[in-house]
Amino acid sequence: MLCHDSPVIDPVADLHAALTSAVAGLTGGEVPDLALERPANPEHGDYATSVAMRLAPLLGKSPRDIAQELAGVVEGLPTIASVEIAGPGFLNLRLSHDWYRSTLTEMLAAGSEFGRHDRIAGAETLVEFVSANPTGDLTIGSARNAAYGDCVSRLLDFAGQKVTREYYFNDAGNQITLFGQSVRARRLGEEIPEGGYPGDEILEVANALDLADDAPLDDWTARGVAVMIDRIRTGLERMRVTFDLWTSEQTLHSSGAVTAAIERARSEGHVFEQDGATWLRTTTFGDDKDRVLLKADGETTYFAADLAYIDLKFKRGATRAIYVLGADHHGYIQRLKAGAACLGLDADAVEVLIYQLVTVSGERMGKRRGNVITLNELAEAIGVDAARYFLVERSHDQMLDIDLDLAVENSSKNPVYYVQYAHARCQSILRKAVEEGLAVEGVGSSHVPEGPEMTLVRRLAEWPDVVATAAELRAPHRIVTWVHELAADFHAFHHDLYVLHEDADTRAFRLSAVRATGEALTRALGLIGVEAPDRM
RNA sequence: GCGCCCGUAGCUCAGGGGAUAGAGCAAGAGACUUCUAAUCUCGAGGCCGCAGGUUCGAAUCCUGCCGGGCGCACCA
């Protein structure tokens, strides 16, 4: 389905507009979804709409009669070559040669802005992702979080939102104390405590610390966390994932934000005491059960810090707070939204994105199982481009399984190279055009596009809808699906037709198509954090 | 028990109400004197988990069931 209700650079905008006004004329104003789409079957035209069938019950006329009336309006458009009515009342449209030329011209003129849309623009969005505790290297589960969260951020940014990326880390509490003890134990060659962290990276962190053997535990902990965070940051940067803010839980406590948030919730009337503990009545806003803020022993819970953190996000000016969490945290959705509501905030401005878990050879990852794969190992094994492509290739609602040996074995046939190769081919042609003095500007005026050229241009024209939908659905895998289709269309085009044709007009059209394809590949790959190489 | 995600080709998965359900991989047959063969072309492979419902029209929306994953702390 295509939807063009915002002023975007859109190749089928005039078609959409003409249909809309024609339909409005028939109904007296009301316009249902036009359902303008690209049929899978080429016999059904380049674009098709089933709007006549939807209109039939409304107007009390037969779908084919309505289609006939609409056909009369659309037929005159310069972008339309032919219209036919098919089946129960489909309107099948074929685009004119003129459309192909003007669409290419438009796309090239728009450049990197092509596909920019404002359907969801304007929000100040805080995307919090990864946020793994700094007690070890990031696992491949966090790698999925990183790749997905980063792509969503890039998509929202392209959609005109002001995006801030934040990593929230836990640097207080039992786990962190255990981490500090583990670091010290490794350094001193002692036994690590029960439930401590045995990973090799702990030893590396320990050895990087300039601390005396008898330094206080707090120093081992704090310094260890700092080094670990730095390790994590470096690994993420290698994956082209960067953050604007690194926020520590500790600072929420020390700044008084936690206490302030509890008081704010109390003044909203949602805090109560029971069994010696202080509770937040999140059930008022749809949570399964109420949540403890202050334990009977007086300690704050992790959720209390969460509450303060939500408060902080909106106080800093965010109009939307996105959380990216693994499926094992899906129970947090209601809790976080209810927490926001208890602070008097809009629960709908809290959006929790859940991605399904990553398994290793069909099994859940775990230190006890000894099957942990880290982000660094994945990047090392198959490279950053293949790793990123692999991590967002499928829907985030789909479970992801990895066998590292198999991944390495298969990495050469990772589809990312197929797509990148298409870009390298584009650049190769453009280089050759310059070398041979065959480069031209413009799309020409008389070239009659052939099948593969038309297929390619129509594919390129899908971009505005693809990128807008991907952003709205927080579904970067749609970019991946599309960019692969684009690469396939380009490879076929390249195989069938010679670009640097002796006829200047043909050459101009084809060079324009190559240029537009190269830019589209760069743009789409950029949104998933993959490079578009000039040579391979 | 309750909640979230998934079930589509041998395998991994796209398909947000439209016409004959697609791709990659695997297996099969072909194509380089050319701007890169990391490519292209062709064939084969399907009760879209099951059963109802809504609709002119359902893989898609609704309900129930079956199967798989995950979660239901005064842990972090």
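Source: prediction; values computed, not measured. Letters A, B, ... mirror the listed sequences (proteins, then strands); counts begin at 1.
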Candidate nucleotides B/rA76, B/rC70, B/rU12, ranked by approach to the side chain of A/His330 - the nearest: B/rC70
Touch class at under 4.0 angstrom, heavy-atom based, for A/Leu438 against every strand present: nothing
Sugar-phosphate, base or nothing in reach of A/Gln420, heavy atoms under 4.0 Å: nothing
Inter-nucleotide C1' distance (B/rG10, B/rA26), Å rounded: 8 Å
B/rA21 - base-pair partner by Watson-Crick or wobble geometry, distances under 3.5 Å: none
Inter-nucleotide C1' distance (B/rC13, B/rC5), Å rounded: 15 Å
P atoms of B/rG64 and B/rC4, separation to the nearest Å: 11 Å
Presence of donor-acceptor pair under 3.5 Å, side chain of A/Asn410 and base of B/rA26: no
N/O (side chain, A/Tyr418) to phosphate O (OP1/OP2, B/rC40) under 4.0 Å: yes
P gap between B/rC11 and B/rG71, integer Å: 27 Å
Nearest listed nucleotide, side chain of A/Ala86, among B/rC35, B/rA14, B/rA19: B/rA19
Strand partner of B/rU34, provided both Watson-Crick or wobble distances fall under 3.5 Å: none
Interatomic distance where OH belongs to A/Tyr389 and P belongs to B/rG24 [whole Å]: 11 Å
Residue pair A/Asp489 / A/Leu460, side-chain heavy-atom distance below 4.5 Å: no
Sugar-phosphate only, base, or nothing, as touched by A/Arg507 at under 4.0 Å among non-hydrogen atoms: nothing
Nucleotide opposite B/rG57 in a Watson-Crick or G-U pair, distances under 3.5 Å: none
Nucleotide opposite B/rU63 in a Watson-Crick or G-U pair, distances under 3.5 Å: B/rA51
Distance in angstrom units between A/Leu400 CG and B/rG7 P, rounded: 15 Å
For B/rA29, the Watson-Crick or wobble partner whose two distances fall under 3.5 Å: B/rU41
is_close_aromatic(A/His396, A/Tyr355), centroid dist under 6.0 Å: no
Whole-Å gap separating P (B/rG18) and CZ (A/Arg64): 20 Å
Watson-Crick/G-U partner (both atom distances under 3.5 Å) of B/rA14: none
A/His329 over B/rG71, stacked by centroid distance under 5.5 Å, angle under 30°: no
Side-chain-base donor-acceptor pair under 3.5 Å for A/Arg478 and B/rG15: no
Touch class at under 4.0 angstrom, heavy-atom based, for A/Ala277 against every strand present: base
Distance in angstrom units between A/Lys337 NZ and B/rG3 P, rounded: 18 Å
A/Arg510: which of A/His494, A/His501, A/Glu453 passes side-chain hydrogen bond (donor to acceptor under 3.5 Å, both in side chains): A/Glu453
Counter-base of B/rG1, judged by Watson-Crick or G-U geometry with both distances under 3.5 Å: B/rC72
Separation between the C1' atoms of B/rC61 and B/rG46, rounded to whole Å: 23 Å
Atom pair distance, as rounded to whole Å: CD in A/Gln398 and C1' in B/rC70: 14 Å
Sugar-phosphate only, base, or nothing, as touched by A/Met536 at under 4.0 Å among non-hydrogen atoms: base
Plane angle bin for A/Phe509 and A/His447 - parallel if under 30°, tilted between 30 and 60°, otherwise perpendicular: tilted
Sugar-phosphate, base or nothing in reach of A/His491, heavy atoms under 4.0 Å: sugar-phosphate
Which nucleotide in B/rC6, B/rC13, B/rA26 has an atom nearest any side-chain atom of A/Asp397: B/rC6
P gap between B/rA19 and B/rC48, integer Å: 15 Å
Base B/rG24 to side chain A/His484, donor-acceptor N/O within 3.5 Å cut-off: no
A/Arg144 CZ to A/Leu400 CG distance, which is reported to the nearest 0.5 Å: 4.5 Å
A/Phe90 aromatic ring stacked with six-membered ring of B/rA19, 5.5 Å and 30°: yes
Centroid-centroid under 6.0 Å between A/Tyr418 and A/His484 rings: yes
Under 5.5 Å and under 30°: A/Tyr498 stacked on B/rC35: yes
OP1 or OP2 of B/rA73 under 4.0 Å from side-chain N/O of A/Lys295: no
Atom pair distance, as rounded to whole Å: NE2 in A/His495 and P in B/rC32: 9 Å
Output field: ring centroids A/His329/A/Tyr323 closer than 6.0 Å: no
Sugar-phosphate only, base, or nothing, as touched by A/His494 at under 4.0 Å among non-hydrogen atoms: base
Sugar-phosphate, base or nothing in reach of A/Thr278, heavy atoms under 4.0 Å: nothing
Sugar-phosphate, base or nothing in reach of A/Arg425, heavy atoms under 4.0 Å: sugar-phosphate
Sugar-phosphate only, base, or nothing, as touched by A/Asp275 at under 4.0 Å among non-hydrogen atoms: base
Sugar-phosphate, base or nothing in reach of A/Ala422, heavy atoms under 4.0 Å: nothing
Under 4.0 angstrom between A/Lys289 side-chain N/O and B/rC2 OP1 or OP2: no
For A/Tyr197, the option from A/Gln181, A/Lys367, A/Gln175 that meets side-chain hydrogen bond (donor to acceptor under 3.5 Å, both in side chains): A/Gln175
5′-ward residue of the pair A/Leu357/A/Glu43 relative to RNA chain B: A/Glu43
Worked verdict on A/Glu69 versus A/Lys61 for salt bridge (charged side-chain N to carboxylate O under 4.0 Å, His left out): CA-CA 11 Å; A/Glu69 288 186 55; A/Lys61 295 188 199 171; 3.0 Å; yes
Sugar-phosphate only, base, or nothing, as touched by A/Asn41 at under 4.0 Å among non-hydrogen atoms: base
Sugar-phosphate only, base, or nothing, as touched by A/Arg291 at under 4.0 Å among non-hydrogen atoms: nothing
Distance between P atoms of B/rG22 and B/rA37 (Å, rounded): 29 Å
Sugar-phosphate only, base, or nothing, as touched by A/Glu435 at under 4.0 Å among non-hydrogen atoms: nothing
Nearest-nucleotide pick for A/Thr481, side chain only, options being B/rA14, B/rA19, B/rC70: B/rA14
Listed nucleotide nearest any side-chain atom of A/Ala296, set B/rG69, B/rA14, B/rC74: B/rC74
Position toward the 5' end of RNA chain B (nearest nucleotide), A/Ala488 or A/Pro39: A/Pro39
A/Tyr168/A/Tyr309 aromatic ring centres below 6.0 Å: yes
Length of the CZ-P vector between A/Arg510 and B/rU34, whole Å: 19 Å
